Number of protein chains: 2
Amino acid sequence: MVNKDPFYLGRLQDYYALHRLIPSYAEIATLVGVSKQGAVKFIDRMIFAGYISKAPSGRLSPANMFFARPHVGFAPAGFASPATEILGDAITIDDYLVEHPSSTVLVGVQGDSMINAGIHDGDFLIVERNTNPNLGKIVVAIVDGDFTIKYLRSGSRGMYLEPANPDYPDIYPEESLDIYGEVVGQFRKF
Amino acid sequence: MVNKDPFYLGRLQDYYALHRLIPSYAEIATLVGVSKQGAVKFIDRMIFAGYISKAPSGRLSPANMFFARPHVGFAPAGFASPATEILGDAITIDDYLVEHPSSTVLVGVQGDSMINAGIHDGDFLIVERNTNPNLGKIVVAIVDGDFTIKYLRSGSRGMYLEPANPDYPDIYPEESLDIYGEVVGQFRKF
DNA sequence: CAGTATGGTGTACGATCGTACACTACGCAA
DNA sequence: TTGCGTAGTGTACGATCGTACACCATACTG
C-alpha cells in the first residue's frame, strides 16, 4: 500500500494557503476524507516528522517542514533534494529573501534600464534601507525627487549611477546623491 | 485616552511570530489584559481594519494588514506603498508566488539559455507541475532525460522548445516531448 | 445639556474542540 | 502461523470555544 500522507499533507497545505491556519481535527478529517481519529493519527505522524506543531492551547500550527518545498535539481540522479537545501536555513521564500524585515520594503520596477541585470519592467525588488551601500551594488537612489534603480559606481568625478542597459546614459549627480536603499533580492510572477 | 489597539496588536504579532497562529479570544484576553468580551470587541476592530480575518470555522487568521510593516522615514509621493498594496491580496511573497503549494516545486537555474526572459544562471523558479501547459508559456521539459527550461511553441513540425537567447537553437523532440511543469514565478537574491 | 458612539465588564449557552479508550483490517517478519 | 506494528473507524466526555445579550463609564458632539 502506498503512503497517503503526502496527499493528505498536500490538502492541508492548500487549505493553509487559503486560510493561513491549520484547521481542527474534525475539519482535517473531512478535508482528507478520513475519520476524526484518522486525522488525529495523521497529525501525530506530521508532528513527529516536523511538519506540524502544537500551540500551548492544543491547537495546531505549521512547523518548519510544512513550508519546505520539493526541489528538482538538474543532476541526472537527483529528484530528492528538499527546498531547505537550496534555501539554506530559510523555511519560506520570504525568509530567504528578507533578512531584516523591519528595514525592508518592496519596490515595483518600471522601465528596462536594468534589464541586463535581469531586472525587468513589472518585477518586484526587495530593498533594504541603507543610505551607505557598497560600491558596485544595485541601489534605489533619489535623483531630483524621483526614484531610480541603478548600479552605484565611483569614478574620477565621484559617485555616479550606471544603468544595466547600453541605451541609457550614466547619471552624474548635480548636487548630491541620495541613496534610499540597497537591492538585495528580486521576484516576479509570469 | 490614547488608542491602545496598536499595543494590543503588537502583543498579537509577537504571539503569532512565536506560534504561527492567532490564539482564541480567551487567550487574547489574557495576552493583552482585558476581558474576553474586550478581546472580542478588539478583534472586531482588527477585522474591520483588515488585520484579521475569520476562517469558515470561526477561528481567527491573519489578514493582509497583519503583516504590513510600518514605513520608516519620509517618502516622496508614489513610493509609500507597503508590500501588501503591491502584492494585492497576497500576504507574503510566498503567498504571492505560490498559488498551489501541494503541486509546486522549486527549480534552480543553470545556464543562460533563457536570459532574455529575465531568467539568469542561479535564479530559482517556481514551477507548477502540469503536463499540459499552454503554448507560449515557459515550461520545464524533459528532453532525453535532462531537464531544460524553454518556451513551449508549436510550428509546422509540431511542438518544440524555444530558448530566450539567440545563441541557442530551437529544440525539436526526436521521439516525444515530456513536460514536467509550467514556470509561474521566479526569484533571486543579489 | 442631552444624545450617542466607543471601549470596556460580566454572565450564560449551545457547539465544537482535543483527548482517550476500544476495536478492526492489513502487511510483514519470526 | 503467530505476533506485532501501522492505518483506520466509532463512541464518548469534559473543556474550551465563539457568540449573544445586558450593562457601565468615558468622551465627543450638536
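For the numbers below, each heavy atom of this structure counts, side chains included, while hydrogens, waters and symmetry mates do not. Not measured: the values here are computed from a predicted model. Within every chain, numbering begins at 1; the chains are lettered A, B, ... in the order of the sequence lines, protein sequences first and strands thereafter.
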Fill in the blank from the handout: From CD1 of A:I47 across to C1' of C:dG18 the rounded distance in Å is 11 Å
Exercise for the section: Give the C-alpha distance, both sets of side-chain angles, the deciding distance and a yes or no for side-chain contact (heavy atoms from CB on, under 4.5 Å) between A:R45 and A:D5. Expected result: CA-CA 9 Å; A:R45 271 171 265 144; A:D5 279 0; 2.5 Å; yes
Fill in the blank from the handout: Separation of C:dC13 atom C1' from B:Q37 atom CD, nearest Å, is 13 Å
Exercise for the section: Indicate whether OP1 or OP2 belonging to C:dG10 is found under 4.0 Å from a side-chain N or O atom of B:S35. Expected result: no
Exercise for the section: Using only heavy-atom distances, decide whether a donor-acceptor pair under 3.5 angstrom links the side-chain of A:K41 to the base of D:dG8. Expected result: yes
Problem - Of B:D5 and B:S57, the one whose closest DNA chain C nucleotide lies more 5' - result: B:D5
Problem - Presence of A:R45 side-chain N/O under 4.0 Å of D:dA7 phosphate oxygens OP1/OP2 - result: yes
Practice task
Please answer whether the main-chain N or O of A:V32 pairs with a side-chain N or O of A:R11 as donor and acceptor at a distance below 3.5 Å.
Solution key: no
Fill in the blank from the handout: To the nearest angstrom, the OH-P distance between A:Y25 and D:dC17 comes to 15 Å
Exercise for the section: Considering just the side-chain nitrogens and oxygens of A:K54, establish if one lies under 4.0 Å of OP1 or OP2 belonging to C:dT19. Expected result: yes
Practice task
Look at the side chain of A:K189 and the backbone N and O of B:Y96, then say whether any donor-acceptor pair between them is shorter than 3.5 Å.
Solution key: yes
Exercise for the section: Would you kindly check whether a donor in the side chain of A:K36 faces an acceptor in the base of D:dG10, or vice versa, at under 3.5 angstrom? Expected result: no
Fill in the blank from the handout: Atom CZ of A:F48 and atom C1' of D:dA7 are separated, to the nearest Å, by 16 Å
Handout entry: Selected nucleotide, minimal atom distance to A:S24 side chain, candidates D:dT19, C:dC17, C:dT19
Key = C:dC17
Completion exercise
When rounded to whole Å, the CE to C1' distance for the pair B:M46 and D:dG18 reads 19 Å
Exercise for the section: Look at the side-chain N and O atoms of B:Y8 and state whether any lies under 4.0 Å from the OP1 or OP2 oxygen of C:dG8. Expected result: yes
Exercise for the section: Look at the side chain of A:S61 and the backbone N and O of B:H19, then say whether any donor-acceptor pair between them is shorter than 3.5 Å. Expected result: yes
Problem - Separation of C:dT6 P from B:D44 CG (nearest whole Å) - result: 12 Å
Handout entry: Listed nucleotide nearest any side-chain atom of A:V40, set C:dC17, C:dT9, C:dT19
Key = C:dT19
Handout entry: 5' precedence on DNA chain D between B:L60 and A:V34 (nearest-nucleotide basis)
Key = A:V34
Completion exercise
Rounded to whole Å, the CD1-C1' distance (A:I28 to C:dT19) equals 14 Å
Practice task
Please confirm whether the backbone N or O of A:G118 pairs with a side-chain atom of B:R188, one donor and one acceptor, at under 3.5 Å?
Solution key: yes
Problem - A:L21 CG to C:dC17 C1', straight-line distance once rounded to whole Å - result: 13 Å
Handout entry: N/O (side chain, A:R59) to phosphate O (OP1/OP2, D:dG18) under 4.0 Å
Key = yes
